[in-house]
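Every chain is numbered from 1, with letters handed out A, B, ... down the list of sequences. Values below: every heavy atom of this structure, side chains too, minus hydrogens, waters and symmetry copies.
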Amino acid sequence: MTGGVFHSTSMIESTYDPATIEPRWSEAWEKSGAFRPKADAGAEPFCIVIPPPNVTGTLHIGHALNNTLQDVLVRFERLRGKAVLWQPGLDHAGIATQMVVERQLANEGNLDRRAMGRDAFVERVWRWKGESGGQILNQLRRLGASCDWSRERFTLDEGLSAAVRKVFVQLHREGLIYKDKRLVNWDPHFETAISDLEVVPQETNGHLWRIAYPLEDGAGEIVVATTRPETMLGDVAVAVHPDDERYAALVGKSVRLPLTDRTIPIIADAYVDPEHGTGAVKITPAHDFNDFQVGKRHRLEAIGVFTLRGALNENAPKRFQGLDRFVAREKVLQALEEAGLRRGEEAIRHAVPHGDRSGVVIEPMLTDQWYVDAPTLAKRGIAAVEQGETTFHPRNWEKVYFEWMRNIEPWCVSRQLWWGHRIPAWYDADGNVYVEENETAAKDAARKKHGLKAKAEIALTQDEDVLDTWFSSGLWPFSTLGWPDQTPELKRFYPTSALVTAHDIIFFWVARMMMMGLHVMQQIPFRDVYIHALVRDEKGAKMSKSKGNVMDPLGLIDKYGADALRFTLAAMAAQGRDIKLSENRIEGYRNFATKLWTAARFAQMNECAVWDKFDPATPKVAVNRWIVGEVAKTAAAVTRELEQYRFNEAAGALYRFVWNVYCDWYLEFIKPLLAGEDEAAKLETRRTAAWALDQALILLHPFMPFITEELWARLGEFGAKRDRMLIMESWPSLDAALVDDAAAAEIDWMIALISETRATRAELNVPPSARIPLLLIGADDATCARLERYQDLIDRLARLDYSTSADVAPHGAVTFVLDDATVALPLDGIVDFKAEAARLEKEIARHDAEAAKIDAKLGNLDFVRKAPEEVVEENRERLNDARSAAAKLRAALSRLNVAP
RNA sequence: GGGCGCGUAGCUCAGCGGGAGAGCACCUGCUUCACACGCAGGGGGUCACAGGUUCGAUCCCUGUCGCGCCCACCA
């Protein structure tokens with residue numbers, strides 16, 4: 001066997017112990033090279049790039065789901081023989097990482113970031129990354145993720161950084177990246193700009209204060225309403241609606257701005273809603289997005305009154321300078337009160353923008369930033385999805401994607417942080433900017449600009465800012481494959497096959513990859529986007545550390561095994577709904593793993609093994625032909641569902657096959673055969689049982705890689721032929737002709753007979769230990785033959801003394817109906833006939849009700865005329881069945897009544 | 001203010017035009033020679049509500065109520 005995994009040859013233990021087995025296989029797979037794409041150039045490529053976890057991250061349940069689903073696909077396609085690459089890596093996560101290290105510095109009582117200086121700080125972050133960053137990748141290994149770990153990339157590694165610079169320079173040359181001074185979302189805690197997506201509105205209790213601004217001519221006042229009185233110090237106008245008659249006479253006049261010595265105009269602008277507040281709005285272009293637009297329209301100056309840390313600056317009156325914005329708010333209100341200018345207030349709830357990382361109130365701030373022309377790039381991203389080059393699964397997420405892409409704003413990509421890709425822009429002493437891939441090229445450009453000779457001294461300073469983390473993430477599908485080099489991997493695997501991610505990241509990441517991939521590579525980054533659910537707690541809330549409602553996947557793996565967790569997540573990953581995860585669900589699937597384990601143990605104990613190629617078309621015995629058909633159906637279903645990303649359906653089909661078909665029935669059926677005398681049948685059965693189990697192991701492997709690999713090996717030690725590890729096996733491709741309808745009908749009949757017998761016994765409280773006879777009355781020859789053929793089996797599973805065909809039911813027999821026959825259990829003296837009469841009456845009533853319902857339906861001429869013929873026919877059959885069953889049971893009831 | 005999704009068994013969820021399903025929980029039996037993380041049997045649902053389309057609606061349409069999420073500049 002490849003992989004060189006050895007363990008002692010011994011009986012399979014009675015329960016599965018994941019903890020001792022999982023680490024061994026993780027190592028064996030990786031060592032064997034199974035995670036690397038196969039070299040075979042003819043193999044169809046299949047590639048997924050991992051959503052790179054943050055370098056600061058630890059595995060949470062969302063990662064567990066995301067990576068389980070990817071691994072299911074990846075292992076599935078690998079088994080199908082494709083050349084599979086699952087490209088792993090990490091995201092440097094600008095703000096998140098800088099936060100972690102800054103906090104660490106504080107805890108250690110070290111110099112803070114600013115005191116350390118940029119170089120020392122960045123060095124410190126790298127050191128942290130080397131020591132404790134990226135532990136999540138090892139946690140993914142524990143989950144069983146079969147990434148090609150030899151290709152691990154990091155968004156800040158040399159190659160990816162070069163890709164970032166190249167794209168930035170290219171977009172800049174094309175005019176798709178530019179520098180602009182406009183209002184941005186400013187995070188006063190981190191002192192950086194952030195993008196619209198990083199701003200989260202939070203419903204907050206606030207006030208709407210009314211403030212009087214005195215008219216300059218002394219002829220009264222105009223009252224404005226505001227939630228942010230402190231920004232009034234930067235007001236440059238008061239605006240009213242052009243049609244608002246209350247204020248028509250005031251437009252064009254001026255007011256004295258309280259607390260300052262400035263005079264500002266009253267202007268008319270349709271932006272103002274006369275119904276809202278007082279109908280008069282203070283205009284502060286430097287600190288409000290709407291006001292900025294109004295200011296532009298009216299050519300008003302923008303007066304910024306805040307520092308980058310959110311304190312009042314030198315543009316504010318002296319007495320407010322240096323105060324924090326929220327302190328200033330109180331002071332301004334107090335000063336207005338003293339000036340007699342307050343005109344009341346009301347408490348309101350309103351959405352206030354907060355930074356998603358810092359949690360502080362975001363301040364619109366007028367600054368110079370770099371922007372990506374997203375509206376232009378979005379066009380192709382929209383077209384590619386419209387034309388079906390890239391497809392979302394489920395499709396309805398395309399709406400969300402379109403909605404955002406069609407209303408996209410320029411993307412602010414500069415961040416005033418230190419940890420990240422420094423913007424490849426250099427400035428000369430005159431402030432000219434040179435955007436180049438490196439300083440040498442920038443200097444060349446600068447010399448050219450200034451008409452200097454090559455190698456002439458010229459001093460440039462690089463832009464201080466770094467790029468938004470998502471800029472490099474946007475390049476991930478091609479940068480990780482080696483771009484800008486034309487590597488074999490890039491050629492082979494781009495566009496990638498599928499992207500698997502949660503819906504909360506469509507805008508942040510999926511949309512950006514679409515834009516970047518289409519522009520830079522001229523091709524979509526991935527063909528399919530599978531959007532999976534968010535994992536929520538049992539109340540449906542998003543899990544978060546601060547809420548304390550997290551489920552730790554590593555703890556769950558310790559407790560139940562990685563396979564149980566994986567199977568649970570896959571089984572619950574139905575499209576279109578978030579997952580509310582509860583632990584008892586995992587326990588249930590842990591039990592499933594144990595069930596599989598003990599089934600294999602049974603096979604081993606019964607010397608079931610496949611020594612060589614087994615042809616599933618060869619079995620003669622009906623139970624064997626039947627299970628072969630069930631395997632074929634299951635394999636087809638699992639294949640079909642996985643191709644459509646219906647993980648839950650695939651998992652469900654496997655669960656039902658293993659538990660309800662193979663274990664509940666097939667293994668029970670073959671016990672008598674294995675104990676019998678017919679050596680040929682015994683051999684065939686052993687080989688069929690082994691083959692069916694092997695197929696189940698292969699089909700289950702994408703979901704439960706550890707236990708299936710272990711069993712594959714264990715069974716191999718007991719005779720099954722193994723050419724390689726299970727991970728490298730071939731996915732079953734079974735002819736639909738293997739489904740033998742005749743065998744299935746026969747087995748289904750037997751199952752029905754046994755089930756009905758058991759149910760009847762249980763209902764009448766026949767002790768399980770009581771061996772009773774069974775008589776089959778009025779059956780045709782074929783059915784009687786069936787009974788004879790499976791007598792051993794039926795007697796065993798229905799706990800019978802004997803079973804036989806007969807012409808009439810004896811008096812005092814308990815009966816039920818099976819197809820055209822009546823089954824009689826002579827229980828005279830064993831059961832209470834009042835109970836039996838009651839049971840029969842209940843059954844008769846059930847059949848009568850059914851018959852009445854169908855009869856009414858068939859009595860409806862419109863139904864008979866308009867419904868499809870097969871539906872009508874089916875109903876006729878059901879009516880017949882119900883009537884004949886009721887008749888037989890009535891006969892049985894009357895026999896009971898005449899019994900002595 | 002727009003948009004999306006969801007209300008199906010006690011819980012968590014599948015199903016989505018023709019006979020209401022699963023897992024867990026619950027009840028009753030069972031030391032049946034793989035498995036008590038098990039076996040066998042069972043109870044439990046006007047498929048949120050009201051209309052409509054249809055021969056037929058849990059499923060399609062409209063509306064109502066409840067819940068969740070996303071987007072949005074209303075001071």
Would you say that [X] contacts [Y] through its side chain, given a criterion of any heavy-atom pair below 4.5 Å between the two side chains?
X: A:L697; Y: A:L715; value: yes
X: A:T231; Y: A:D288; value: no
X: A:V240; Y: A:I222; value: yes
X: A:R839; Y: A:L764; value: yes

Quick one: [X] [atom1] to [N] [atom2], roughly how many Å, whole number?
X: A:E756; N: B:A40; atom1: CD; atom2: P; value: 15 Å
X: A:E874; N: B:G56; atom1: CD; atom2: C1'; value: 13 Å
X: A:D356; N: B:C70; atom1: CG; atom2: P; value: 12 Å
X: A:N875; N: B:G19; atom1: CG; atom2: P; value: 7 Å
X: A:H503; N: B:G68; atom1: NE2; atom2: P; value: 15 Å
X: A:D848; N: B:G19; atom1: CG; atom2: P; value: 20 Å
X: A:E668; N: B:A40; atom1: CD; atom2: C1'; value: 11 Å
X: A:Y401; N: B:G5; atom1: OH; atom2: P; value: 19 Å

**Request:** Could you run through nucleotides 23-32 of chain B and give me one letter per nucleotide, 5' to 3': B if any protein heavy atom sits under 4.0 Å from the base, S if only the sugar-phosphate is that close, - if neither?
**Result:** SS----S--B

**Request:** With RNA chain B as reference, determine whether A:E649 or A:L667 sits nearer its 5' end, using the nearest nucleotide of each.
**Result:** A:E649

Pick the [atom1] atom in [N] and in [M], then give their distance to the nearest Å.
N: B:A48; M: B:G7; atom1: P; answer: 8 Å
N: B:G5; M: B:A40; atom1: P; answer: 41 Å
N: B:C60; M: B:C47; atom1: P; answer: 15 Å
N: B:C73; M: B:U54; atom1: P; answer: 45 Å
N: B:G63; M: B:A75; atom1: C1'; answer: 35 Å
N: B:G56; M: B:C16; atom1: C1'; answer: 15 Å
N: B:C39; M: B:A22; atom1: P; answer: 15 Å
N: B:C6; M: B:G38; atom1: P; answer: 33 Å

Which of the following nucleotides, [options], is nearest to the side chain of [X]?
X: A:D664; options: B:C37, B:C39, B:A34; value: B:C39
X: A:N396; options: B:A14, B:G19, B:C4; value: B:C4
X: A:A599; options: B:A34, B:A40, B:C55; value: B:A34
X: A:T15; options: B:G19, B:A34, B:C37; value: B:C37
X: A:R758; options: B:G15, B:A40, B:A34; value: B:A40
X: A:V871; options: B:G41, B:G18, B:G15; value: B:G18
X: A:P868; options: B:G18, B:C55, B:C39; value: B:G18

**Request:** For RNA chain B, just give me the dot-bracket, please: Watson-Crick or G-U, both distances below 3.5 Å, ( ) intra-strand, [ ] crossing earlier pairs, | paired with another strand, . unpaired.
**Result:** ((((((((.[[[[.)..(..]]]].(((((.......))))).....[[[[[..)....]]]]])))))))....

Shortest non-hydrogen contact between [X] and [Y], atoms and distance:
X: A:N875; Y: A:K857; answer: OD1-CD, 3.7 Å
X: A:I266; Y: A:V255; answer: CD1-CG1, 3.7 Å
X: A:P768; Y: A:R761; answer: O-NH2, 3.4 Å

Pairwise N/O distances under 3.5 Å, protein to nucleotides 71-75 of chain B:
{"residue": "B:C73", "atom": "O2'", "partner": "A:N290", "partner atom": "ND2", "Å": "2.8"}
{"residue": "B:C73", "atom": "N1", "partner": "A:N290", "partner atom": "OD1", "Å": "3.2"}
{"residue": "B:C73", "atom": "O2", "partner": "A:N290", "partner atom": "OD1", "Å": "2.4"}
{"residue": "B:C73", "atom": "O2", "partner": "A:N290", "partner atom": "ND2", "Å": "3.0"}
{"residue": "B:C74", "atom": "N3", "partner": "A:D273", "partner atom": "OD2", "Å": "3.0"}
{"residue": "B:C74", "atom": "N4", "partner": "A:D273", "partner atom": "OD2", "Å": "2.7"}
{"residue": "B:A75", "atom": "O2'", "partner": "A:A225", "partner atom": "O", "Å": "3.3"}
{"residue": "B:A75", "atom": "N7", "partner": "A:H276", "partner atom": "ND1", "Å": "3.0"}
{"residue": "B:A75", "atom": "N6", "partner": "A:D273", "partner atom": "O", "Å": "2.7"}
{"residue": "B:A75", "atom": "N6", "partner": "A:H276", "partner atom": "O", "Å": "2.5"}
{"residue": "B:A75", "atom": "N1", "partner": "A:D273", "partner atom": "N", "Å": "3.3"}

**Request:** Would you mind classifying the nucleic acid contact of A:E409 as base, sugar-phosphate or nothing, using non-hydrogen atoms under 4.0 angstrom?
**Result:**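 A:E409: no heavy atom of the nucleic acid under 4.0 Å.
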
**Request:** Look at all strands and tell whether A:A759 reaches a base, only sugar-phosphate, or nothing, counting heavy atoms closer than 4.0 Å.
**Result:** sugar-phosphate

**Prompt:** Can you find a donor-acceptor N/O pair under 3.5 angstrom joining the side chain of A:K399 to the base of B:C4?
**Reply:**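 Under the 3.5 Å cut-off, the side chain and the base do not form any donor-acceptor pair.
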
**Message:** What I want to check is whether an N or O donor and acceptor connect the side chain of A:R590 with the base of B:C37 at under 3.5 Å.
**Reply:** yes

Is [X] salt-bridged to [Y], going by a charged N under 4.0 Å from an acidic O?
X: A:R714; Y: A:E13; answer: yes
X: A:R210; Y: A:E346; answer: yes
X: A:K853; Y: A:E850; answer: no

**Prompt:** Among all residues two or more places apart in sequence or in another chain, which pass the salt bridge (charged side-chain N to carboxylate O under 4.0 Å, His left out) test with A:E345?
**Reply:** A:R342

**Request:** Apply side chain to side chain contact (heavy atoms under 4.5 Å, CB included) to A:P274 and list each qualifying residue two or more places apart in sequence or on a separate chain.
**Result:**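 Side chain to side chain contact (heavy atoms under 4.5 Å, CB included) list for A:P274, sorted by chain: A:H241, A:D244, A:R246.
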
**Item:** A:E403 side, atom CD; A:I382 side, atom CD1 - distance, nearest 0.5 Å
**Value:** 10.5 Å

**Asked** In chain order, what residues pass the ring-ring contact (aromatic ring centres under 6.0 Å, His included) check against A:F669, with sequence neighbours excluded?
**Response** A:W626, A:W665

